[in-house]
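One structure is given here, and the rest of the page talks about it.
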Amino acid sequence: MHPTLNIAVKAARRAGQIINRASLDVDKLRIDVKQQSDYVTEVDRAAEAAILEVLRDAYPSYGILAEESGLAGTSADSEYQWIIDPLDGTTNFIHGLPQYAISIGLAHRGVMTQAVVYDPNRNEIFTASKGGGAFVNEKRIRVAKRTKLDEALIGTGFPYRVFDHIDAYLAIFRDVAQRTAGMRRPGAAALDLAWVACGRMDGFWELGLSPWDMAAGTLLITEAGGLVGDLAGETNYMKTGNIIGGNPKIFAQLLQLITPHLNAKLSA
């Protein structure tokens, strides 16, 4: 395992301990509203602080993009940047729904090179290094082998903060739902992407994600043999927040379904 990946795993497990302890008594947590349907708890902040402490101790010169603290400790001279979501699926967490994860990615000159997605409920740690494959609990994983869209299980995420593209989303949802074996919305995009990487879902699409939602999960998918792109099939998903992922056959078929619904803003 690459040294930076080892450190990311250590940081994720440290955060997982904090989250697991807090999950035993969620009703006592202080919860703040960042914006409509977007919550942050003291656990998010404590988990992020724990992650940052581990990462900064090991690599003090690396830049950091973290959900709760934003651009924290970023060095303009650094070619490396950690991209962190300390608790992806906060809404699930505060409702006691055990579907959330910690996501840590490392980018070198804007290219993802290391990835960790840790599911503390199942004690599953998904890891990937660029060119080195993807793993869950050190067991190699691959994307699903299904080739027919009507046999595919597809993940998505409903709009919940910004509804500018709700009409396009619903039209895409209608078409994808009618053409597939089923749609799922578990509520933690980083974990959804990890599940595509290990074949539990055949594909995934969502609008309006943040970089920390996607950074680690996208590398997991590509290292597991899948494809990731924006709604036009290009590589701008980290900028647009709009993403499609899946095994190569399902990715292509999802792209064909989604492309006709793109408006000018979604195509940008």
Side-chain angles (χ1 to χ4, degrees), residues 1-12 15 48 51-52 54-86 88 101-118 126-135 143 157 188-194 196-197 204-246 248 251 255 262 265-268:
M1 190 179 289
H2 193 278
T4 52
L5 188 59
N6 262 323
I7 291 298
V9 168
K10 178 181 178 182
E48 183 169 295
I51 291 169
L52 294 180
V54 172
L55 299 182
R56 283 172 170 162
D57 282 350
Y59 298 98
S61 66
Y62 283 17
I64 292 170
L65 175 62
E67 179 176 13
E68 305 310 334
S69 53
L71 288 164
T74 300
S75 170
D77 298 326
S78 179
E79 297 179 348
Y80 294 89
Q81 184 183 52
W82 296 108
I83 305 175
I84 303 159
D85 192 337
D88 183 35
I102 298 141
S103 177
I104 303 174
L106 178 64
H108 179 227
R109 296 180 179 178
V111 177
M112 296 308 305
T113 59
Q114 309 294 334
V116 175
V117 173
Y118 179 41
F126 298 84
T127 59
S129 294
K130 186 172 178 58
F135 301 82
V143 292
L191 199 51
D192 294 341
L193 295 170
V196 171
F204 176 83
W205 64 282
E206 188 166 353
L207 310 181
L209 291 174
S210 299
W212 44 79
D213 299 318
M214 300 179 284
T218 54
L219 183 61
L220 288 170
I221 290 176
T222 56
E223 286 299 319
L227 295 176
V228 180
D230 59 19
L231 301 187
E234 305 297 334
T235 59
N236 293 324
Y237 48 86
M238 291 289 281
K239 293 181 180 179
T240 66
N242 305 323
I243 188 171
I244 303 172
F251 175 87
L255 194 59
L262 301 188
K265 290 184 178 179
L266 284 175
S267 300

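The figures that follow rest on heavy atoms only: side chains count, while hydrogens, waters and symmetry mates do not.
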Response to the item:
For F251 and I244 the tightest heavy-atom approach is CE1-O, 3.4 Å
Practice prompt. Only counting residues at least two apart or in another chain, list the ones meeting ring-ring contact (aromatic ring centres under 6.0 Å, His included) with H108.
Written response: Y80
Discussion item. Checking Q114 now: which residues fulfil side chain to side chain donor-acceptor pair (under 3.5 Å) with it, not counting sequence neighbours?
Written reply: S129
Practice prompt. Any chance you could measure N236, atom CG, to I243, atom CD1, to the nearest 0.5 Å?
Written response: 12.0 Å
Discussion item. Checking the side chain of D88 only, and the main-chain atoms of A190 only, is there a donor and an acceptor separated by less than 3.5 Å?
Written reply: yes
Practice prompt. For A134, enumerate each residue passing the side-chain contact (heavy atoms from CB on, under 4.5 Å) test, keeping only those at least two apart in sequence or located in another chain.
Written response: A128, I141, L220, E223, A224
Worksheet, complete the sentence: Between I7 and V54, the two heavy atoms sitting closest are O-CG1, 3.8 Å
Worksheet item: Nearest 0.5 Å, what's the CG-CD distance between D85 and E48?
Response: 8.5 Å
Worksheet, complete the sentence: Residues at least two apart in sequence or cross-chain that pass ring-ring contact (aromatic ring centres under 6.0 Å, His included) with Y237, listed by chain then number, are none
Fill in: Least distance between heavy atoms, M112 atom then L219 atom
O-CD1, 3.8 Å
Worksheet entry | Between CE on residue M214 and CD1 on residue I221, distance to nearest 0.5 Å | 11.5 Å
Worksheet item: So do the side chains of Y118 and V9 get within less than 4.5 Å of each other, counting heavy atoms only?
Response: no
Item to complete: Please name the pair of heavy atoms, one in A101 and one in V117, separated by the smallest distance, quoted to 0.1 Å.
Response: CB-CG1, 4.0 Å
Worksheet item: Hey, does Y59 have a side-chain heavy atom less than 4.5 Å from the side chain of L55?
Response: no
Worksheet entry | Inter-residue atom distance K10.NZ - I51.CD1, 0.5 Å rounding | 13.5 Å
Discussion item. Would you compute the distance between atom CG of L207 and atom CG of D230 and round it to the nearest 0.5 angstrom?
Written reply: 11.5 Å
Discussion item. For T113, give me all partners under side chain to side chain donor-acceptor pair (under 3.5 Å), at least two apart in sequence or on another chain.
Written reply: none
Item to complete: Look at the side chain of D213 and the backbone N and O of S210, then say whether any donor-acceptor pair between them is shorter than 3.5 Å.
Response: yes
Worksheet item: What distance do I104 atom CD1 and I84 atom CD1 have between them, rounded to the nearest 0.5 Å?
Response: 6.0 Å
Worksheet item: Which heavy atom of N242 sits nearest a heavy atom of G208, and at what distance?
Response: OD1-N, 3.0 Å
Discussion item. Going by the rule side-chain contact (heavy atoms from CB on, under 4.5 Å), which residues pair with F135 if we only count those two or more places apart in sequence or in a different chain?
Written reply: T127, R140
Worksheet item: How far apart are the closest heavy atoms of A115 and L5, and which atoms are they?
Response: O-CD1, 3.3 Å
